[in-house]
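Structure, as C-alpha cells:
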Number of protein chains: 2
Amino acid sequence: MERTKKITIQDVARYTNVSVGTIDRVIHNRGRVSPEKRKKVEEAIKKLNFNPNMLARTLALGNQFTVCALIPSVPSPGHYWSMPLQGLEMAAAQFKDYGIITEYFFYDLFDEKSFIKQAGKIAELEPNGVVLAPLFLQESKNFTEKLRKKGIPYIFIDADIPDDQSLSYIGPDVKQSAFIAGRLLNSVLPEKAEILIVNMVKGFENASAQRRIEKGFKDYFNKIGQEENKTIHTLTIQSTQKEEVFRELTKFYIKYPAIKGVFVTNSKAFLIAEFHRLHYLNIRLVGYDLVPDNMEQMKNGGIDFIISQSPVQQGKRAIQTLFDYFVWKKEPQKIQYVPLDIIICENLDFYINFNRHSQNGINNNQ
Amino acid sequence: MERTKKITIQDVARYTNVSVGTIDRVIHNRGRVSPEKRKKVEEAIKKLNFNPNMLARTLALGNQFTVCALIPSVPSPGHYWSMPLQGLEMAAAQFKDYGIITEYFFYDLFDEKSFIKQAGKIAELEPNGVVLAPLFLQESKNFTEKLRKKGIPYIFIDADIPDDQSLSYIGPDVKQSAFIAGRLLNSVLPEKAEILIVNMVKGFENASAQRRIEKGFKDYFNKIGQEENKTIHTLTIQSTQKEEVFRELTKFYIKYPAIKGVFVTNSKAFLIAEFHRLHYLNIRLVGYDLVPDNMEQMKNGGIDFIISQSPVQQGKRAIQTLFDYFVWKKEPQKIQYVPLDIIICENLDFYINFNRHSQNGINNNQ
DNA sequence: AACAAAAGTGTGGGCGCACACACAATTTAT
DNA sequence: ATAAATTGTGTGTGCGCCCACACTTTTGTT
C-alpha cells in the first residue's frame, strides 16, 4: 500500500528553509534561535505533524542507565519470587537496546545479613536506579536512606514502606486484598461460622504487611455486619516447616474444632490444605499467590480461592517505570497498585499459560 | 558506575580481523563468506556475547508495515469496544517508531453492511496485516478469504472463527469463561435453585459464541453433578432495548417466579440488574465485561460477579503479535487465550485504575 | 592457457537524530 | 572607534547497523 511517508527533521528543515540544527534547537529549546524562525519551525512541526523518531534519538544519545534489582533469591524453580524476577527480566530485555542495563542482587528471605550485604554492593555500584522488595523493614530503611543521600531513585515492589520517599510503590493494596479474601471466604461459608487466620512468620520479614492483612480481613466482616455471626481466630506460627505447622494446627484444631474456613496470609496455604486432606477436614481455604504447591492443592480441591497479586507485572512495571523516568523524564505515580486476580480451579490454567509465553517485550527474539 | 561497554558489530570485526560487512553477512547468513572466517566470526560473537542493536537495525532497514484494525465503533465513551481500541492504540504508539503504522476502521455493531464496506476499504488498501473482530460470521469469512488470496495475514480478537486460517486468535476461551460463570453463580446459590440464562441478540452477531457459552454453562453443572438440583432455563431476547428487555423479563418471571440466579451471556447484565432492583427481586447475577453500566450495578449490589476478558490486553496483544511477526519473523501461537478476570465489588476499582494509566508502551510521552 | 564465472571481502553511503564546532551577524564593553 | 562577548545559524560527525557495489581471489570451462 502507499506508504504514509514519515516526516523527519529534514523535512521540517526543508519546509521552513532553515537547517536541521535550528530545528533541533527549537525541539530541545536550548535557545540560540531567533523568535521568527522559532515560530516558523514550531508551526511547521505542528502542520507537518512531526514527531522525532525515538529510535534514532536513543541511538544518537547513546546514554546508559544501570538499574539494580534487590529481591529474594529463588530457591526452587516455581518459587514465588521467580515471577517478579521473570517480569524484571522480560522488561530488561525489552529495554536493553535503549541503554537500560539491569543487574540482579539476590538475598536470602530468611537472612537479613544477606540483605545488608547485597544492599551494600548496590550502594557501592551507584547505579542510576534501584528496584527493591523491602521485606526487612529496618534494613530496607537504612538502605533507602543511603540511596536518598546519593540521589539514587528507588522503587518498591511487592511490599511498601509507607511514608518513605520512594519513586513509586508497585504492588498490591494489601488492605483491599484482605477484603477480597474476606468476601470470597464468606461467600462459601454458612451464615454462622468460625474462621481462622493463619500467619506464618519466619525470620524478620516485614510483618506490618501481615498485620495490615489481618486487620483488613476482620474489617471486612465488620463492614458487612457479620461480626456477630463469624468468630475469627488468629493463629501465628513461627515457622513454615511442615512438621512445625502441622503440630501447631493439630493443637489449634483440637481446641477449636468448629473452624469452617481458613485464611492464610502468605503463600503457604498449600500446607494447610495438606493438613486438611490428611485429616479429612472439610474446611474452606483461601490463600495468596499462584505457586505450584498452591496450584496443585487448588486442582484437587484443597484450596478454594487464591488471590494473586500480578507478580510478573510487578517486575515488568518496575523496570518500565524507571525506563520512563530516565528516558522520557516522566514522573511516575507514587502508588501503582496491581490487579488482584481471583483464581479458582476453573481459570487457573489461563493464568499459568498466559504469563509464561513472551508476554510482551520488544526484544524476545532469541 | 563503570559502564559495561556494549559491544557492537565493530568490536566483533576488530576482534576477528575482518570487515563489518563480513560480520553482517554471517549474522544474516546470506553466504559469500569463507568457512574459516564464518567460524571465526561465529565464535567471536559467542565469546563477546554480541547481540545486534535492534534500534540501529530497525533504523537502517527503515521498512514499514501497515496494519489495519477492523472493530466495532465506540458509540459512547465507556463502551466495551473502547477498551480493545485503547489497547490497540497503546501498542500502536509503542511500535510506531519501528515502522508499524496502524489504521482503524470502525463498523456498526448492528449493521453488517458497514462491516462489508469497511472490510472492502481494507482489502483495497492491501495492508501488511489485519486485526479484526469477526462479529459477523459470514461477512468475516468472506473477508478473510479475500485476505488469504492476497496473502495478507490477519488476527482475530474477541471472537474466533474456528478452523479459519488466521494467524492467531486472541481472546477468551468462551467455554471456560462459561464454566467460571457457572462456578461463581453456583457458589452463591442454595443447593436447589432455578437458574436463568439470558441471551440478548440484536442484528446478526456471531451467535455461535453465545451458543458455546450457553453450552459451557450447562456443562459445568453436569460436570459437578448438580444437574439434578439446578433447573436451567434460557431466555433469548431479540433486542438490547430496555423496554423490550423488561417486557420479556416480566413475561418470563411471571411464568417462572422461582428463579434464584441469572447468567447474562453478553455485557448487558446491568439491564437485568436494573429490572431486579425495580421489582425488588433478590436474584444473584453474573455477567460479562467491565463497562460503566455494569460497574455501577456491581457497586450497588445488583451484579454479583463480572467476568472480564482483558479487553485492553487483547488489543495490545494483537498489535504486539503482528509486530513480532513482521519485525522478528516470529510465528505466533495459533490461539492466545487471555486472562479471565473475576471482578467483584472489592477488586473492581483496581481493574479500572490499572488499565487506565500508561499501562506500558515505549512511547507514551506526549 | 586464456578467460569467464563465481566466491570472498572491504568500503561507503544512509537510516533520523543530537551535538560540537565553525563561522557570521549582532550586541555590548572599553 | 575597535575589541570582545554574545547570539544566531549551518555543517559535519557519529550512534550501530544494513546493503549495494567495487574489488580481489578462486574455481571452472573450452
Under 4.0 Å from a heavy atom of chain B: give me the 5'-most and 3'-most nucleotides of DNA chain C that qualify.
C/dA7 to C/dG16
Between A/H28 and A/R30 (side chain of the first, backbone of the second, donor and acceptor by atom type, cut-off under 3.5 Å), is there such a pair?
no
B/S168 side chain to B/P332 main-chain N or O, any donor-acceptor pair under 3.5 Å?
no
What about A/R32: does its side chain form a donor-acceptor pair under 3.5 Å with the base of D/dG10?
no
With respect to the phosphate group of D/dG10, does any side-chain polar atom (N or O) of A/T22 fall under 4.0 Å of OP1 or OP2?
yes
Is any side-chain nitrogen or oxygen of A/K37 closer than 4.0 Å to OP1 or OP2 of D/dT9?
yes
In whole angstrom, what separates [X]'s [atom1] from [N]'s [atom2]?
X	N	atom1	atom2	value
B/E36	D/dT25	CD	P	15 Å
B/L55	D/dC15	CG	C1'	10 Å
B/R14	D/dG16	CZ	P	10 Å

A/K149: which residues meet the salt bridge (Lys or Arg N to Asp or Glu O under 4.0 Å) condition with it, sequence neighbours left out?
A/E145
Between [Y] and [X], is the closest basic N to carboxylate O distance under 4.0 Å?
X	Y	result
B/K6	B/D11	no
B/K334	B/D164	no
B/D324	B/K329	no

Roughly what angle, to 10°, lies between the helix axis at the start of the helix from C/dA2-D/dT29 to C/dT30-D/dA1 and the one at its end, five pairs per end?
50°
Hey, could you give me each pair passing ring pair (Phe, Tyr, Trp, His ring centres under 6.0 Å) that has a residue in residues 29-67 of chain B? Not counting sequence neighbours.
B/F65-B/F326
For A/Y80, enumerate each residue passing the side-chain contact (heavy atoms from CB on, under 4.5 Å) test, keeping only those at least two apart in sequence or located in another chain.
A/M83, A/P84, A/D158, A/D289, A/V291, A/Q309, A/P311, A/Q314
A/K46 atom NZ: more than 12 heavy-atom contacts under 6.0 Å:
no
Nucleotide N/O of nucleotides 17-19 of chain D paired with protein N/O under 3.5 Å:
residue, atom, partner, partner atom, Å
D/dC17, OP1, B/N53, N, 2.9
D/dC17, OP2, B/I9, N, 2.4
D/dC18, OP1, B/H28, NE2, 2.9
D/dC18, OP1, B/R57, NE, 2.4
D/dC18, OP1, B/R57, NH2, 2.8
D/dC18, OP2, B/D24, OD1, 2.7
D/dC19, OP2, B/R30, NH2, 2.4

Is the shortest heavy-atom distance from the side chain of A/L132 to the side chain of A/Y107 under 4.5 Å?
no
Is the B/F95 ring parallel, tilted or perpendicular to the B/F323 ring (thresholds 30°, 60°)?
parallel
